[in-house]
Amino acid sequence: MGHKGGKKGKSGQYSTDQSVLEGLAGSGVPIAGKVLDWRQLAKLKSTYTDALQAAINPNTGRVHTSYSLVGAQTGRLSSTDPNLQNIPIRTEIGREIRKAFVAEPGNVLLAADYSQIELRLAAHMADVPALKEAFARGEDIHARTANEMFGHVDRDTRARAKTINFAILYGISRWGLGTRLGVPADEAQAMIDRYFERFPGIQRYIHETLESVRERGYSETLFGRKTWFPRIRSANQAERAGSERAAINAPIQGTSADIIKRAMARMMPTLREAGLGHVRMLLQVHDELVFELPEGDAAAAAPIIERVMAEAAGPSVKLDVPLGIEIGTGSNWGDAH
DNA sequence: TATCGACGCCAC
DNA sequence: AAACGTGGCGTCGATA
């Protein structure tokens, strides 16, 4: 259509994905925004509105997922038929889908989330004083990062700091961070250098993790569960780099997965001891557990659920940071957040 | 009719 | 040229 294309794609075709269309929309191409709007609604209808109603079990009147305990390399669960671990929440219209998950009359849904668990685990595992201190004080971690890196906190620096924090967890690269922040790779590299300077444990963690994986072939979670990386010494640069990023992430994501599994294993026995054996644990969404229970039991159950989750690393692992839990209730899943 | 790869997008 | 981790699943077109 006369617009110069930014290449992409392994088939050589021009990409029309979200980032490309957002760029065009920002350059005054009206149809780009229209396509994005249409795509969002088409996605919500086909993947959620239509598919979830078709998945209702006629015997129970409910949607039942299947969990795989070996679905993810890192030890996370995966969910299929239907996947209930990717129900929309970020946009207002998407959140309407989540609100369609409702409790039975007289009951509520209770959602309990680990707050920033992977960043907390990174602070512990990499032994980063500034991050551990921030979590101990209950500070806004992205704001703290912004202040450390840029010397002040505003909307923009906090957003950048949040992106950088996530990039660290995922195995950072100057190109990936540059793309995300919309800056050249050398500027992204300068930010990475700055991050390592302010949080020196991170660079050490990355270095030691990679050295260990190259030597032994696997990484370990805090509980000793291994993930193997057979391509960590590949001669293929892209393959090797991909393995390195996964190897940096696996101990963090994997430890988080271990912790919530421990919480799940202890949850119902602990609730039963408190006379709350009728509480139903419905869903796990990586750092979140969803329960259904009589409205009148929520006040009694919430602190027990919180304690089981907060203490789930112990006694075998003693963390230097507290595990924060956010709990909400509502007549539907959307309002429980 | 079933399966696969590419593309795109939802979640954490 | 170049996407930073873990997944599942929709549509489309090609193929069996």
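To find a chain, count down the sequence lines: A is the first, B the second, and so on, and within it residues start at 1. Here the structure is a predicted model, which means the values were calculated and not measured. These values consider heavy atoms only, across backbone and side chains, with no hydrogens, waters or symmetry-generated copies.
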dA2(C) to dC7(B) separation - P atoms, rounded to the nearest Å: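 These two P atoms come out 11 Å apart once rounded.
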
Could you give the distance separating dC9(B) and dA3(C) at their P atoms, to the nearest angstrom?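 So the two P atoms sit 15 Å from each other.
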
Under 4.0 angstrom between [X] side-chain N/O and [N] OP1 or OP2:
| X | N | answer |
| --- | --- | --- |
| S79(A) | dG8(C) | no |
| Q85(A) | dT6(C) | no |
| R90(A) | dA11(B) | yes |
| R245(A) | dG5(C) | yes |
| S78(A) | dG7(C) | no |
| S15(A) | dG8(B) | yes |

Are any of the side-chain nitrogens in E220(A) or K226(A) under 4.0 Å away from the carboxylate oxygens of its partner?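 Salt bridge: no.
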
Should E239(A) and R233(A) count as an ion pair when the cut-off is N to O under 4.0 Å?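 No, E239(A) and R233(A) are not salt-bridged.
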
Taking the nucleotide of DNA chain C with the nearest heavy atom to each, does T74(A) or T80(A) sit closer to the 5' end?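 By nearest-heavy-atom nucleotide position, the 5'-most residue is T74(A).
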
When the nearest nucleotide of DNA chain C is assigned to A246(A) and to T179(A) on a heavy-atom basis, which residue is associated with the more 5' position?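 Looking at the nearest nucleotide for each, T179(A) comes out on the 5' side.
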
If hydrophobic clusters are built from ILVMFWY residues whose side chains come within less than 4.5 Å, do L110(A) and I89(A) share one?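 As far as the 4.5 Å side-chain criterion goes, I89(A) and L110(A) are not connected within one cluster.
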
Expressed in angstrom and rounded to an integer, what is the separation of R98(A) atom CZ from dC10(B) atom P?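 In whole Å, dC10(B) P and R98(A) CZ are 13 Å from each other.
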
How many whole angstroms separate atom CG of L44(A) from atom C1' of dA11(B)?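 After rounding, the gap between these two atoms is 12 Å.
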
Name the residue from Q284(A), R76(A), E288(A) that meets the side-chain hydrogen bond (donor to acceptor under 3.5 Å, both in side chains) definition with Q85(A).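 Of Q284(A), R76(A), E288(A), side-chain hydrogen bond (donor to acceptor under 3.5 Å, both in side chains) with Q85(A) is met by Q284(A) alone.
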
